[in-house]
Q: 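Could you have a look at this structure, given as structure tokens, before my questions?
As the structure lists them, so they are numbered: ligands from 1, and atoms in each ligand from 1.
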Amino acid sequence: MTIEIETIYQDRDETKADIIKHVVDQLGEKTKQDQCDQPLWVLGYGSLIFKPPPHAKYRIKGYIHGFIRRFWQSSSDHRGTPESPGRVVTLVTLEDVVKNSRFHSDALEYELSSKSIHEASEKDLKIWGCIYYIPAEFAREVGDYLDVREQDGYSIHTVNFNMVLSEDQSGDVELLDAIAHLDKNAIGHPMINSMVYIGTVSNESFVGPEDLQETASIIASSVGPSGPNIEYLLELEASLDDFKQQDRYIKELSQRVRAILDSEPRV
Ligand code: SIN
């Protein structure tokens, strides 16, 4: 199995310490008396791709398997308001997709095309994103920052991330040293168990499958304390373009939102 996701804990304070310890274990550190004094690896697949956490020393692109990425998380604190919630991305596991027939048509349309849902394997689902390396001295501060930023339904999990180093990174001796002990996948990409924030299908803000045009019109009109919802979508699209990685669902949604804005009378 190439991907693994597990909820480490329910209580947020405990979670952070446990997760940090868990991620530290991947780093092969010998001393772990104070797990909050260890470096942290955090995955970004949504806003974290284009709005990094503070103190990130490295940003490495790469991918995970076994999930679909959807704008199925409602946002009343960042890209919308309680009266008019916007939409932000979350990840849905293959297991949840298979279990819930209401997710099937969506996964078949964007990811699985000719495959049947029950033949699908985690390898058939690939999400591009990036991972951040937070040096030990900032791990606690960044953990606290993320806990505030990623509220409204997100919880902490771990996921197996496959790193694709840029040309510059492939020559960075310090980085190569930090990841030298990691196992590599079948095509030579270093793998690390990373912390990730996910709005699971059981969280209160999970909207679930939504007609794409409906999602587009909510995104086109929503604004929250972090700015217009459309900015979140288009920044995510641009980041994936920068990575030279297509996400058909994100592309189609962006096109629909642009079409809505183009059709609106200019004032
Ligand atoms: C992430 O970016 O990894 C989490 C979801 C978000 O904050 O948009």
Side-chain angles (χ1 to χ4, degrees), residues 3 5 7-8 12 15-16 19-20 23 40-56 58-80 85-93 125-134 142-163 192-201 203-208 210 215 218-219 222-243 245 247 249-250 253-254 257:
I3 189 89
I5 181 159
T7 304
I8 300 295
R12 289 188 82 80
T15 303
K16 192 163 47 189
I19 291 279
I20 290 170
V23 173
L40 190 61
W41 292 92
V42 184
L43 169 68
Y45 63 89
S47 71
L48 281 167
I49 293 188
F50 57 84
K51 191 177 170 201
H55 306 301
Y58 301 115
R59 176 182 186 264
I60 304 170
K61 82 168 182 182
Y63 53 92
I64 58 173
H65 285 294
F67 297 87
I68 60 173
R69 169 173 40 208
R70 293 290 187 271
F71 273 82
W72 289 351
Q73 184 76 359
S74 86
S75 174
S76 51
D77 60 350
H78 278 298
R79 299 292 173 163
R87 293 287 181 270
V88 290
V89 281
T90 187
L91 299 176
V92 181
T93 63
L125 305 180
K126 187 174 186 179
I127 299 288
W128 281 86
C130 63
I131 197 170
Y132 295 100
Y133 174 84
I134 313 293
V142 173
D144 288 346
Y145 161 87
L146 288 171
D147 274 358
V148 173
R149 173 168 159 181
E150 303 293 327
Q151 46 195 351
D152 206 358
Y154 289 104
S155 49
I156 300 176
H157 304 261
T158 59
V159 65
N160 199 12
F161 183 83
N162 301 270
M163 299 178 177
I192 188 153
N193 222 5
S194 165
M195 171 171 147
V196 60
Y197 285 83
I198 295 176
T200 64
V201 296
N203 91 87
E204 273 183 0
S205 304
F206 185 75
V207 179
E210 184 170 61
T215 311
I218 292 170
I219 291 175
S222 298
V223 182
S226 300
N229 206 166
I230 183 160
E231 184 184 273
Y232 178 111
L233 169 64
L234 298 186
E235 295 237 32
L236 176 56
E237 182 197 30
S239 305
L240 295 172
D241 286 348
D242 267 2
F243 289 169
Q245 299 304 330
D247 181 318
Y249 166 84
I250 301 284
L253 184 57
S254 307
V257 173

Q: So how far is it from Asp147 CG to Ile156 CD1, rounded to the nearest 0.5 Å?
A: 4.5 Å

Q: What's the separation between atom NZ in Lys51 and atom CD in Glu235, rounded to the nearest 0.5 Å?
A: 10.0 Å

Q: Determine whether Gln73 and Ser205 make a side-chain contact, defined as any pair of heavy atoms from C-beta on separated by less than 4.5 Å.
A: yes

Q: Drop me the distance from Tyr45's OH to Ile64's CD1, to the nearest 0.5 angstrom.
A: 8.5 Å

Q: Between the protein and ligand 1, which nitrogen or oxygen pairs come in under 3.5 Å, and how far apart is each?
A:
unit_1, atom_1, unit_2, atom_2, d
ligand 1, 2 (O), Gly46, N, 2.8
ligand 1, 2 (O), Ser47, N, 3.1
ligand 1, 2 (O), Leu48, N, 2.9
ligand 1, 3 (O), Tyr45, N, 3.0
ligand 1, 7 (O), Ser47, OG, 2.9
ligand 1, 7 (O), Glu150, OE1, 2.8
ligand 1, 7 (O), Glu150, OE2, 2.8
ligand 1, 8 (O), Ser47, N, 2.8
ligand 1, 8 (O), Ser47, OG, 3.2
ligand 1, 8 (O), Tyr232, OH, 2.5

Q: If the condition is side chain to side chain contact (heavy atoms under 4.5 Å, CB included), which residues does Asp242 pass it with, not counting sequence neighbours?
A: none

Q: Could you verify whether a donor N or O on one side chain and an acceptor N or O on the other, from Arg149 and Ser47, lie under 3.5 Å apart?
A: yes

